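Shown next, in structure tokens, is the structure this report addresses.
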Amino acid sequence: MASTNNEDLFKNIISHAKEYGFIFQSSEIYDGLSAVYDYGQNGAELKKNIRDYWWKAMVQMNENIVGIDASIFMHPTTWKASGHVDAFNDPLVDNKDSKKRYRADVLIEEHVAKIEGKINKEVEKARTRFADGFNEYTFRTTNARVLENQKKIDDINLRFKAALEANDLVEVRQIIIDLEIVCPISGTRNWTDVRQFNLMFSTQVGSVSEESSTIYLRPETAQGIFVNFLNVQKTGRMKIPFGIAQTGKAFRNEIVARQFIFRMREFEQMEMQYFIKPGTEMEWYKYWKETRMKWHRSLGFPESKHRFHDHLKLAHYANAACDIEFEFPFGFKELEGIHSRTDFDLGNHEKFSGKKLQYFDPELDQSYVPYVLETSIGLDRMFLAILSQAYAEEKLEDGSERVVLRIPFFLAPVKCAILPLVKKDGLPEKAREIMNRLRFDHLCQYEEKDSIGKRYRRQDAIGTPFCITIDHQTLEDNTVTIRHRDSMLQERININEIEKILGEKVSMRNALMQISE
RNA sequence: GCGGAAGUAGCUCAUUUGGUAGAGCAUCAGCCUUCCAAGCUGAGGGUGGCCGGUUCGAGCCCGGUCUUCCGCUCCA
């Protein structure tokens, strides 16, 4: 049972998640559906609590951030404007010998880079030869070998661009063959056809197929915010800088979707788009990097578990971008992205919709398209991060073992278990009384079956922070024991103190205070 | 998608040249009443992932298919 390495550990976490009602595979009775998962009774609670914590940290704690809930269906032009129709298509090609898959555009770009390398070598050689009298510009524009290579590059780029624009995949393959590009692994030119993978799911609107039109399930929630920028700004009388937050499902037809709920075809995002004055983006980029990292750190996990990863290669819409990575059992992986999106999105929506999406800045006495700073976190990934960090297999002093989920108290699915020590002598009745008081504020569980030790372990396994046990002494002096999940220690307290203690311990308040410092 | 491994009860696994499926834990009922899992008695639960082939006979051999895990790749 005990995990000896990270691979075992991850497997055990997955089994634990299923065994205790956190995550089930979708449509399991039909053999499941690849890369789609369902949240069970405890998973749904944990997920909701994470979402709530994010929402409160972003919307409730910031006067200038408001939340919306946009639809999953959007006008198809949205995705032309956002660049997803074009940029989310990767032409892929396999080498039949090495069985490795490559992006066709990357193969061609790398080939071009090689030729550029040749040119640079030529330039450097000349520089040493001519010493002081060397003029790089003249050399680059007159040297025969340089010109020849430069023409090669220009020709390739021209041909490749034309092929992409015409969506001519046969031509893309022909380019690879003509350039005699070989697979770095096998060294052969034995390529399959180039295939296109559209990462957006499409469906039909309209009941009759002839009248229907194709629309997409959104691949990101952000566009629902951009198209509502003016609605919210005007009706909320928002002044720049201000933010719009949203949580919701998004869909991507991943070629390879794996690693449990880390990469799913249907997933939930928590995004906030912060609208700012152009030119201030680096300032806000820095601010939100720090602010979002604080949020992650407020969960009390070891500092070494999080790190920033700055993007060198930027997406089509960004001028600066980084990830907050978390060390999952399978390594450091992206949890949240922070992107400076410039005016790319609003600018394009202006272009495609013909509507002005601008903000009048009274200080500057002029209108502009705001710049956007995005924070985008995967809720399911956050769930997995918390689950894998919380999961612990412990060896106790008496030699026995327990599995405990050390979930931060305020995120735990069940906050408190009410346990009569035995199933008679009026203890169940007393326990029910307490349960009926606590249920107004917290999700509690009442359990009377099995030995008390077994019941404690079951609560540990789902991460319940507190167990209230009613024993014979309770009937005499109105006291109970409260047992702490992490230390397994017990205290005897008066029944009237339970609500206060529990209220303080499981409150989100402490964490929120930590991030607003 | 490609390559490798795997799929038998809710979970972990057994059934060894192919002869019509078993254990522990879990679940449920009853007994016991005990502050950190594994006390006693009994019960339910499987068309062996699915489809097909070989065979008198397939959980076991063969083919296909689905799903999961690992590697390649991408992203939240």
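The sequence lines fix the lettering, A, B, ..., with proteins before strands; numbering per chain opens at 1. Computed from a predicted model, the values in this text were never measured in an experiment.
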Have a look at [X] and say if it touches a base, only the backbone sugar-phosphate, or nothing, with a 4.0 Å heavy-atom cut-off.
{"X": "A/Ser15", "answer": "nothing"}
{"X": "A/Asp471", "answer": "base"}
{"X": "A/Leu421", "answer": "base"}
{"X": "A/Gln25", "answer": "sugar-phosphate"}
{"X": "A/Leu335", "answer": "sugar-phosphate"}
{"X": "A/Tyr37", "answer": "sugar-phosphate"}

Task: Matching residue for A/Val372 among A/His339, A/Gln273, A/Glu281 - test: side-chain contact (heavy atoms from CB on, under 4.5 Å) - done: A/Gln273

- [ ] Look at A/Arg432 together with A/Glu429 and state whether they make a salt bridge at an N to O cut-off of under 4.0 Å.
- [x] no

Open item on the list: Between A/Arg341 and A/Glu374, does any NZ, NE, NH1 or NH2 come within less than 4.0 Å of an OD or OE carboxylate oxygen?
Closed with: yes

May I ask which nucleotide in the shown strands pairs with [N], Watson-Crick or G-U wobble, both distances under 3.5 Å?
{"N": "B/G3", "value": "B/C70"}
{"N": "B/G19", "value": "B/C56"}
{"N": "B/U65", "value": "B/G49"}
{"N": "B/A43", "value": "B/U27"}

Task: Main-chain N/O of A/His472 paired to A/Asp425 side chain as donor or acceptor, under 3.5 Å - done: no

Does the base of [N] carry an N or O that pairs as donor and acceptor with the side chain of [X] under 3.5 Å?
{"X": "A/Glu19", "N": "B/C11", "result": "no"}
{"X": "A/Arg455", "N": "B/C35", "result": "no"}
{"X": "A/Arg252", "N": "B/C75", "result": "no"}
{"X": "A/Arg483", "N": "B/C36", "result": "yes"}

TODO: Report the residue (A/Glu336 or A/Lys18) whose heavy-atom-nearest nucleotide on RNA chain B is the more 5′ of the two.
DONE: A/Lys18

Task: Side chain to side chain, A/Thr464 and A/Gln445, heavy atoms closer than 4.5 Å - done: no

- [ ] Round to a whole Å and report the spacing from CZ of A/Phe24 to C1' of B/C11.
- [x] 13 Å

